[in-house]
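Remarks on the structure that follows.
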2 protein chains.
Amino acid sequence: MTVKLKDIAKHLNVSVSTVSRVINNRDRVDEKTRKRILEALEEFQYRPNEVARSLKSKTTKAIGLIVPGISNYFFATVIKGVEAIARQHGYHLILCMSDEDKEREGEYTDFLLQRQISGLVVAIVGREAGFFQKYKNLGIPVVFIDNLPDIDDNFDYVVIDNVKASRELTNHLIHIGHQKIAMITGSLHESVSDERLEGWKKALTENGIPINKKWVGIGDFKQESGYRIMQGFLQQAELPTAIVAANNLLAYGAMQAIMEAGLRIPEDIAVVCFDAIDFIGLIKPQLTSVIQPAEDIGTIAGEIILRKMNQTKMKVFERIMLEPQLEIKESCGYSKQADKK
Amino acid sequence: MTVKLKDIAKHLNVSVSTVSRVINNRDRVDEKTRKRILEALEEFQYRPNEVARSLKSKTTKAIGLIVPGISNYFFATVIKGVEAIARQHGYHLILCMSDEDKEREGEYTDFLLQRQISGLVVAIVGREAGFFQKYKNLGIPVVFIDNLPDIDDNFDYVVIDNVKASRELTNHLIHIGHQKIAMITGSLHESVSDERLEGWKKALTENGIPINKKWVGIGDFKQESGYRIMQGFLQQAELPTAIVAANNLLAYGAMQAIMEAGLRIPEDIAVVCFDAIDFIGLIKPQLTSVIQPAEDIGTIAGEIILRKMNQTKMKVFERIMLEPQLEIKESCGYSKQADKK
DNA sequence: CTGAAAGCGCTAACAT
DNA sequence: ATGTTAGCGCTTTCAG
């Protein structure tokens, strides 16, 4: 049996409230009794029961986290960011993986709500977020990352400007001489895929390059999907000279297909993508890509939650768009092309 | 304000206990009142407060998880395994990252304890586990993964036999003709590093190959460390023809150093390691390595916790050693060597 | 079959 | 300065 407040109190012939006071450093307590209590606390290795505290204080100091999975380096890094902030403030993380499953996402939402979490950071699967209303009603702060819901703009989020990032990535290709640029993206039911496709279109249009629908591949953010789509491109009469992939796995798949077809990267076909975080440095050719500031996304999301928790007026929303970093490596062939600026 | 049992009871002019009964499907309740209650529950969108339930039931259904970090694919996958089991049983995960810091590990231990977790899965940083005694006293099941504490054998764990795995990995090199085999491992304060070094020694000794202390590099499981140690090897008069690295990052670092020195892998120096989970398939040459069944480690750890929770006698310990998989790829040069069997 | 009441461990008025 | 007591929201005897 673990020792509780009452045990300490009884042992010292004082009241539980006095003990509670010294534990929480509240009010005045006589120095002598304080000392005695402190000693007993130590002697009995007393540790407050946080469940009881939570029930009383109505705050669990738990931050719920719903992500598709953590094998993805991006999400692993975001979580690392949230964890850092949480730890600094005595909060903890309840980790839930939706595994790209809408239903599971909904289940976890209810689950976390019942567990009285103090805040939620979520990367939703689709573009709907009906569940969010519940949180709003309860006054629990929710911060969206990655995909954004397709509702009004009245919510907090931390993302990058995907349209802009994709546009710049594509513009880089155009800038170094490419005209025949294909796009491989994920499901258009996700804002991220959709916006990256949008940025690609924008760049082409702005540069007077017609959009070739045959060069748009819609997949699912997995390597297999990039591979398959690229194979499709390769079977067409006219080949693109460059590929924009909406994430790293799609790019890896495309690269496989290109290399298997006996073509060279970037000489025959250039490849660029999002989030090619090659911490290994051994993938050849190294991928030119737009890198999201994943850890910052996590820390900022955490900070927003903490901030919102201590304010009653939740109507002011923080809509954070961070700047991604364009990292030019080998796969775009930049160094081998003339700079036409 | 969220709706509670009392509100429903009052609304229906029944007692809270009756409402509680239908929620938990306990005892007999008149069909009519049950129906009325069920409807009200639905109407008011009642959701039980799990904190209150936990206080009463003295079980939180929370599994604590302490790992160095989740950027490491191995841990990310272990967690995925634990999550699957937890979810199936209505448990949830509290994720803590020690960041390889002993002190932080200890803090999180206390932290989780106060939060009344039902069980703990932990990858300890060093080999000590003084805190473990606390858990033993409280009757909370703890399962160790990865590193094992340097105490008696009276605890539960799920690991692989590192000595054996490392011995087999090294034997594979010897088998295909190598004699000059160097070892790069992590801190010997960790059982994992130590055992992998042990296995390497064993293989050499068994094959009558003398152990050259100059070919033992002690690093810290990071890529930088592998790079630095390999550079040291390369400066010596005699070069090894093969390297055994205790994890993937050490191997990547070594590969960098080898390639920078203008040497080829595996022609000049072969490289093998642990856990080269190359889900990308683009790292060249592909690494021969011993792969730990990470997801299984997670699920089994989760299952042990659930099992132990429902039994009072905690004295019987589950010591699970899973079989890793030796994956022969390109980096050992197998296909280019004659099989001397 | 249903209700009243105790209590999980703690905090915070309120009283002394 | 310290003690008494009423809950936090729920489950569970124990009566009725």
Side-chain angles (χ1 to χ4, degrees), chain A residues 1-38 40-41 44-62 90 111 113-118 138-139, chain B residues 1-38 40-41 44-62 90 110-111 113-118 138-140:
Chain A
M1 200 52 204
T2 108
V3 42
K4 32 205 157 135
L5 261 190
K6 209 172 155 186
D7 303 325
I8 305 276
K10 198 170 287 176
H11 179 75
L12 260 45
N13 265 317
V14 296
S15 75
V16 287
S17 41
T18 305
V19 183
S20 172
R21 278 193 267 261
V22 351
I23 287 170
N24 298 292
N25 250 313
R26 279 264 197 301
D27 310 330
R28 300 243 144 280
V29 176
D30 186 84
E31 257 326 302
K32 266 188 202 143
T33 49
R34 146 166 275 119
K35 202 160 199 175
R36 283 174 60 218
I37 291 173
L38 248 20
L41 253 23
F44 289 94
Q45 287 266 52
Y46 173 79
R47 295 281 173 274
N49 179 328
E50 289 296 334
V51 173
R53 280 183 160 178
S54 289
L55 181 59
K56 181 82 225 205
S57 67
K58 298 182 158 208
T59 166
T60 53
K61 294 203 158 204
F111 185 93
L113 215 46
Q114 293 188 202
R115 260 149 202 83
Q116 319 294 118
I117 52 166
S118 301
L138 294 174
Chain B
M1 198 54 203
T2 109
V3 42
K4 33 204 156 136
L5 262 189
K6 208 170 152 188
D7 302 325
I8 305 276
K10 198 170 289 175
H11 179 75
L12 260 44
N13 264 316
V14 295
S15 74
V16 287
S17 38
T18 305
V19 183
S20 173
R21 282 186 185 100
V22 351
I23 287 170
N24 298 292
N25 249 312
R26 279 262 195 304
D27 310 330
R28 299 245 144 284
V29 176
D30 185 84
E31 256 325 303
K32 264 188 202 143
T33 49
R34 147 166 275 120
K35 200 158 198 174
R36 281 175 61 216
I37 292 174
L38 249 20
L41 253 24
F44 289 94
Q45 287 267 54
Y46 173 79
R47 296 281 174 272
N49 178 329
E50 289 297 333
V51 173
R53 278 184 162 178
S54 289
L55 181 59
K56 182 82 227 211
S57 68
K58 299 183 155 211
T59 167
T60 54
K61 294 206 157 201
D110 279 336
F111 185 92
L113 215 46
Q114 294 188 200
R115 259 148 204 83
Q116 319 295 116
I117 51 165
S118 301
L138 293 174
I140 293 173

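Predicted model only: the values in this text are computed from it and were never measured. In what follows, every chain begins at residue 1, and chains take the letters A, B, ... in the order their sequences are listed.
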Distance-only, no hydrogens or angles: does the [X] side chain make a donor-acceptor pair with backbone N or O of [Y] under 3.5 Å?
{"X": "B/Arg47", "Y": "A/Leu113", "value": "no"}
{"X": "B/Arg115", "Y": "B/Phe111", "value": "yes"}
{"X": "B/Ser57", "Y": "B/Arg53", "value": "yes"}

Look at [X] and [N] and indicate whether a side-chain polar atom (N or O) is within less than 4.0 Å of OP1 or OP2.
{"X": "B/Ser54", "N": "C/dC8", "result": "no"}
{"X": "B/Lys32", "N": "C/dC1", "result": "no"}
{"X": "B/Arg21", "N": "D/dT11", "result": "no"}
{"X": "B/Tyr46", "N": "D/dC10", "result": "yes"}
{"X": "B/Ser57", "N": "C/dC8", "result": "no"}
{"X": "B/Arg53", "N": "D/dT11", "result": "yes"}
{"X": "A/Ser15", "N": "D/dT4", "result": "no"}
{"X": "B/Lys4", "N": "D/dG9", "result": "yes"}

What's the closest nucleotide to the side chain of [X] if the choices are [options]?
{"X": "A/Ala52", "options": "C/dC10, D/dC10, D/dT11", "answer": "C/dC10"}
{"X": "A/Asn49", "options": "C/dT2, C/dG9, D/dT2", "answer": "C/dG9"}
{"X": "B/Val16", "options": "C/dC10, C/dA5, D/dG9", "answer": "C/dA5"}
{"X": "B/Asp30", "options": "C/dC1, C/dA6, C/dG9", "answer": "C/dC1"}

field: Pair of N/O donor and acceptor under 3.5 Å linking D/dT4 base with A/Ser17 side chain
entry: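 Donor-acceptor pair under 3.5 Å: yes.
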
pair A/Arg34-A/Asn25: side-chain heavy atoms closer than 4.5 Å: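 Yes; the side chains approach each other to less than 4.5 Å.
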
Round to the nearest Å and state the distance from [X] atom [atom1] to [N] atom [atom2].
{"X": "A/Leu55", "N": "C/dG7", "atom1": "CG", "atom2": "P", "answer": "17 Å"}
{"X": "B/Ile8", "N": "D/dG9", "atom1": "CD1", "atom2": "C1'", "answer": "13 Å"}
{"X": "A/Asn25", "N": "C/dA12", "atom1": "CG", "atom2": "C1'", "answer": "16 Å"}
{"X": "A/Asn24", "N": "C/dC10", "atom1": "CG", "atom2": "P", "answer": "10 Å"}
{"X": "B/Lys10", "N": "C/dG3", "atom1": "NZ", "atom2": "P", "answer": "15 Å"}

Using a 4.0 Å heavy-atom cut-off, does [X] contact any base of the nucleic acid, only the sugar-phosphate backbone, or nothing at all?
{"X": "B/Lys56", "value": "base"}
{"X": "A/Val51", "value": "nothing"}
{"X": "A/Asp7", "value": "nothing"}

message: I need the minimum non-hydrogen distance between B/Ile117 and B/Ile140, along with the two atoms involved.
response: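 Scanning both residues completely, I find the closest heavy atoms to be O-CD1, 3.5 Å.
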
